[in-house]
Amino acid sequence: MIIFDDVSVTYRGGVRALKNVSLTIDDGELVVVVGLSGAGKSTLLRALNGLVVATSGSIKVDGIEVVGANAKTMREVRSHIGMIFQTFNLVNRTTVINNVLMGRLAKVPAWKSTLGLWSADDREHAFRAMERVGIVDKAYVRASNLSGGQQQRVGIARALAQEPSIMLADEPVAALDPVTTHQVMGDLQRINRELGITTLINLHFLDLARHYGRRLIGLRGGELVFDGDISQVDDDTFRDIYGRAITPDDLLTDA
Amino acid sequence: MSDAVAPVAVRPRKPRPQLHTYLLVIALAAFTVFAGRQIGFRWSSFIDIWSNPFWGRFWPVPWGWVLDRHNVLDALVETFQIAIISTTIGCTLALPIGFAMSKLTTPNTPTFWLSRTVMSIVRAIPDLLWGKLLVTAIGIGAFAGAWALTIFSLAVMVKLFSETVDAADERPLEAARAAGGRHTPAVRTAVLPEVFPAFVAYALYVFELNIRASLVLGLVGAGGIGRVVETQRATFNFDRLMGILIIMFVIVMSIEQVSVAVRKRLV
Amino acid sequence: MTAAVDQETGEVLTRPERPLAARNWRIGIAVLLIVGVMWSFSGLDAGLRDVVEAPREGWKIVKEMWPPAFKTVYHRGAVGKIFESLYVAWIGTMIGAILSFPLSFLAATNIAPTALRVPIRQVFNAIRSVPELIVAMVLITVLGLGPWAGALAIGLHSIGTLGKLSTEVIETSDEGPLEAISAAGGTWVSRMRWGMVPQVLPTVIGYWLFRFEINVRASAVLGLIGAGGIGGELVSQLNFRNFPEVGAVLLMVIAMVLVIDTISGFARRRIIAGSGRKIDDDETGRTVNLIGDLGGSGLTR
Ligand SMILES: Nc1ncnc2c1ncn2[C@@H]1O[C@H](COP(=O)(O)OP(=O)(O)O)[C@@H](O)[C@H]1O
Ligand SMILES: [Mg+2]
């Protein structure tokens with residue numbers, strides 16, 4: 001269970017990216033976060049795994065306080081949270097399996113991973129993760145030689161190799177074309193259903209949000225302006241969240 | 001349109017170079033003249049060094065002497081031994097220190113500043129002075145030369161390498177941290193693969209520098225081919241010196257070709 | 001592909017074969033390096049004990065250098081010698097810059113005919129491969145001991161390194177402006193003067209400054225063979241094992257080098273920034289440093 005309680009984030013330089021956000025997310029939920037660019041979506045996700053430090057308030061992940069946690073606790077919390085990035089954030093010059101094995105970093109002693117001594121068990125975990133997203137046959141291919149959609153699957157496999165209980169995806173399909181977008185979103189939805197991993201996805205496209213989401217969270221200017229079931233959502237809701245009328249740019253497919 | 005109807009055309013004035021640019025050029029020219037006076041600059045020297053008796057001393061090269069193994073080859077082998085040891089050890093040490101010298105991969109500032117300061121001081125001392133210092137400390141011979149070039153290799157390598165790390169992509173590193181990785185393994189898995197090809201390229205380059213440097217290290221008693229250079233110069237056998245220089249030229253050019261080829265494969 | 005069986009479901013899973021070529025290469029190179037180092041070590045006339053002993057000896061000397069005897073070396077004229085090193089480096093750089101710049105046009109693929117280009121390049125390469133110190137020891141026999149021989153040696157050597165670098169800058173320059181001048185009926189001279197020189201000069205001056213930084217280090221050792229500068233003082237103090245004096249001179253050398261590096265680095269950044277080209281510190285720093293000392297392997301691009 002994830003509990004945000006009155007969380008605010010102020011960046012150095014004074015930008016208030018989150019303002020007094022409170023929300024609770026139950027285990028196994030799939031939550032889609034929408035909002036204009038700069039609304040604070042990334043900040044929300046990053047505050048959760050401590051990549052961004054919350055300035056005030058409390059964030060509890062499975063009962064552990066993240067705000068102000070020491071390095072060891074932070075690593076422990078992060079080890080249960082997989083993260084998927086808009087730009088994939090792969091190590092391009094190495095193989096897919098080496099990328100996926102990075103998801104095992106928290107599970108093995110530092111000296112072993114530093115020397116690259118991964119156990120058969122770690123490798124098997126990596127293979128299972130790759131299997132989930134259908135890239136097992138690419139295991140020994142250099143990451144840079146894959147297509148965008150395949151690269152994002154490596155990113156998902158890396159997160160899965162952590163055996164996470166929570167998955168954060170920060171605009172995972174923003175760099176992909178429509179067809180691969182649906183494949184990757186489908187992967188994420190399937191993983192959420194089959195493995196029961198709590199999943200938070202930042203999305204830019206409203207139709208995608210509607211299609212894949214169950215619960216929708218809307219951010220505007222760092223404030224939580226909507227939190228409800230996707231079935232209650234209509235165009236007016238989006239207009240509220242965006243503070244303007246919906247344009248074709250907000251949709252993946254022009255319909 | 002006729003010329004007559006443009007009475008009030010405005011023409012921007014040509015921007016003059018600023019006064020301080022002129023002053024700077026004048027100051028530098030004055031400094032050059034002054035410095036030249038101080039060290040005894042003579043135009044005539046440019047003609048003197050073309051004089052025939054001078055160049056006659058370099059030619060013909062006594063190849064019989066040069067190719068005799070006791071005269072040059074033994075010392076050349078020593079040069080390679082020194083270069084191999086110093087390059088390997090210097091570059092290996094440079095790996096962790098180079099990471100410590102980059103903002104991207106260094107978590108705490110004291111490590112960053114300390115490594116940077118120490119390394120820029122080490123680099124401020126030329127290779128030959130390191131040779132002289134180490135010969136004084138641990139005695140004449142190739143061992144001192146190997147120490148000197150190890151230090152030199154380290155200093156050159158950390159500079160090149162840390163600049164490459166600075167420019168590396170930080171996003172994979174963030175991914176490794178987000179997965180709960182500790183600092184060292186995160187750097188190892190997320191940054192090292194990206195910068196390693198450059199590291200190898202630099203190592204080959206450092207090897208080449210070390211081979212070049214050993215041509216003069218013998219002057220201070222630090223072994224290698226420079227030992228032969230020193231004895232031949234003391235006896236003014238410039239023809240033999242010429243032979244040695246030609247051999248070194250061939251060796252260095254070959255290494256350069258090899259490292260260009262290797263580099264092409266790596267990137 | 002190899003097969004693995006899922007323990008829970010009994011499902012047969014396929015696993016791609018791990019390619020061994022890369023790993024074998026890595027192991028091969030590691031073995032080669034280890035053998036190479038061991039062979040090299042065997043030629044050094046030193047035991048493992050010496051390896052431990054050497055840092056201790058070194059540290060002993062460092063301790064003896066403290067406190068540095070600035071007073072003594074000052075009275076022996078060390079400050080003057082430091083400046084002499086600086087003059088030597090400056091004049092050497094000037095000679096190298098002025099002579100190499102026109103030559104590098106004649107060595108560039110996009111300007112000079114092959115018959116001219118190839119020999120000039122070979123001259124650059126040949127000059128580059130002879131260290132300043134050796135040039136100096138030869139020049140001394142004609143010009144006599146003293147800083148002038150050192151400066152000329154540095155100058156000649158710099159022709160090779162600067163020539164190579166400037167040639168590369170010229171070769172990678174943009175043709176557009178040259179074509180525009182031709183189209184407007186410009187002559188070869190005006191193409192060079194208005195199309196080429198303004199394009200390449202900022203980068204080339206950056207290289208000159210960088211060469212100056214290297215030459216400052218080079219001039220600090222020329223004294224070793226009597227070619228002027230602070231090196232002579234350092235060597236004689238070392239030979240007499242006057243370590244406090246050595247410490248003082250060494251600190252002066254370090255200070256000189258660091259001060260020059262700082263000023264010159266600042267000037268390099270200013271010039272590149274002022275030229276309006278999008279080259280940041282990265283490129284000044286990196287490309288230039290790559291070729292670094294002693295002038296380069298193909299790492300110059
Ligand atoms: N590292 C940072 N430093 C300063 N300001 C930042 C930083 N990251 C984001 N911001 C600012 O915080 C606000 C929210 O950003 P973000 O969470 O990235 O929004 P979104 O992901 O919804 O586009 C924006 O105004 C952005 O400019
Ligand atoms: Mg964002």
Side-chain angles (χ1 to χ4, degrees), chain A residues 45-46 48-52 71-95 97-118 142-144 154-155 158-164 166-168 170, chain B residues 91-100 102-111 160-161 163-204 262-267:
Chain A
L45 259 53
R46 287 162 170 271
L48 185 56
N49 67 358
L51 288 181
V52 164
K72 189 161 182 283
T73 313
M74 204 64 248
R75 280 199 304 271
E76 165 65 18
V77 170
R78 284 176 182 173
S79 74
H80 299 297
I81 305 178
M83 190 160 196
I84 298 162
F85 303 83
Q86 174 178 350
T87 48
F88 321 142
N89 298 14
L90 302 184
V91 187
N92 287 316
R93 284 198 164 123
T94 191
T95 55
I97 186 163
N98 280 345
N99 271 285
V100 177
L101 281 167
M102 282 170 66
R104 307 294 299 167
L105 279 176
K107 306 273 193 301
V108 294
W111 67 270
K112 272 195 174 172
S113 48
T114 302
L115 294 177
L117 302 173
W118 303 100
R142 247 171 83 128
S144 57
V154 178
R158 177 175 62 194
L160 282 177
Q162 288 176 239
E163 305 169 272
I166 298 169
M167 188 81 103
L168 308 176
D170 191 0
Chain B
C91 291
T92 308
L93 293 176
L95 212 52
I97 300 178
F99 279 127
S102 171
K103 269 245 152 66
L104 183 75
T105 49
T106 303
N108 64 351
T109 22
T111 323
L160 296 174
F161 184 59
E163 273 165 9
T164 305
V165 175
D166 282 340
D169 189 357
E170 64 181 328
R171 292 172 305 181
L173 189 61
E174 183 171 59
R177 293 201 172 124
R182 282 171 170 275
H183 178 70
T184 310
V187 169
R188 157 69 179 80
T189 49
V191 185
L192 186 68
E194 301 283 31
V195 293
F196 198 70
F199 176 81
V200 175
Y202 297 150
L204 288 167
V262 170
R263 215 172 300 135
K264 274 206 186 109
R265 277 205 48 186
L266 281 173
V267 186

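All values below were derived from every heavy atom in this structure, side-chain atoms included, with hydrogens, water molecules and symmetry-related copies excluded. Fair warning: this is a prediction, and the values are worked out from it, not measured in the lab. Chain naming here is simple, since letters A, B, ... match the order of the sequence lines and numbering starts at 1 in each.
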Inset, instruction - Look at A:Asn89, A:Asn92, A:Val108, A:Ile84 and state which one has the largest set of heavy-atom pairs under 4.5 Å with chain B. - result: A:Asn89
Inset, instruction - Just give me the residue among A:Asn49, A:Leu168, A:Leu51, A:Leu101 that pairs up with chain B most often, heavy atom to heavy atom, under 4.5 Å. - result: A:Leu51
Legend entry - Any residue meeting side chain to side chain donor-acceptor pair (under 3.5 Å) with B:Thr184, in chain and number order, not counting sequence neighbours: none
Legend entry - Test side chain to side chain donor-acceptor pair (under 3.5 Å) applied to A:Asn98 - qualifying residues, sequence neighbours left out: A:Thr94, A:Thr95
Legend entry - B:Asp169 side-chain N/O to B:Arg171 backbone N/O, donor-acceptor pair under 3.5 Å: yes
Legend entry - A:Arg158 (side chain) donor-acceptor with A:Asn99 (main chain) under 3.5 angstrom: no
Legend entry - Top contributor to chain A interface from B:His183, B:Arg177, B:Glu194 [non-hydrogen pairs under 4.5 Å]: B:Glu194
Inset, instruction - Report yes if the distance between the aromatic ring centroids of B:Phe199 and B:Phe196 is under 6.0 Å, otherwise no. - result: yes
With a 4.5 angstrom heavy-atom cut-off, is it the side chain or the backbone of [X] that approaches chain B, or both, or neither?
X       : value
A:Arg46 : side chain
A:Leu90 : backbone
A:Met83 : side chain

Inset, instruction - Flag the pair B:Arg182 / A:Lys72 as yes when at least one side-chain heavy-atom distance between them is below 4.5 Å, and no otherwise. - result: no
Inset, instruction - Using non-hydrogen atoms and a 4.5 Å limit, figure out which bit of B:Arg188 sits close to chain A: side chain, backbone, both or neither. - result: side chain
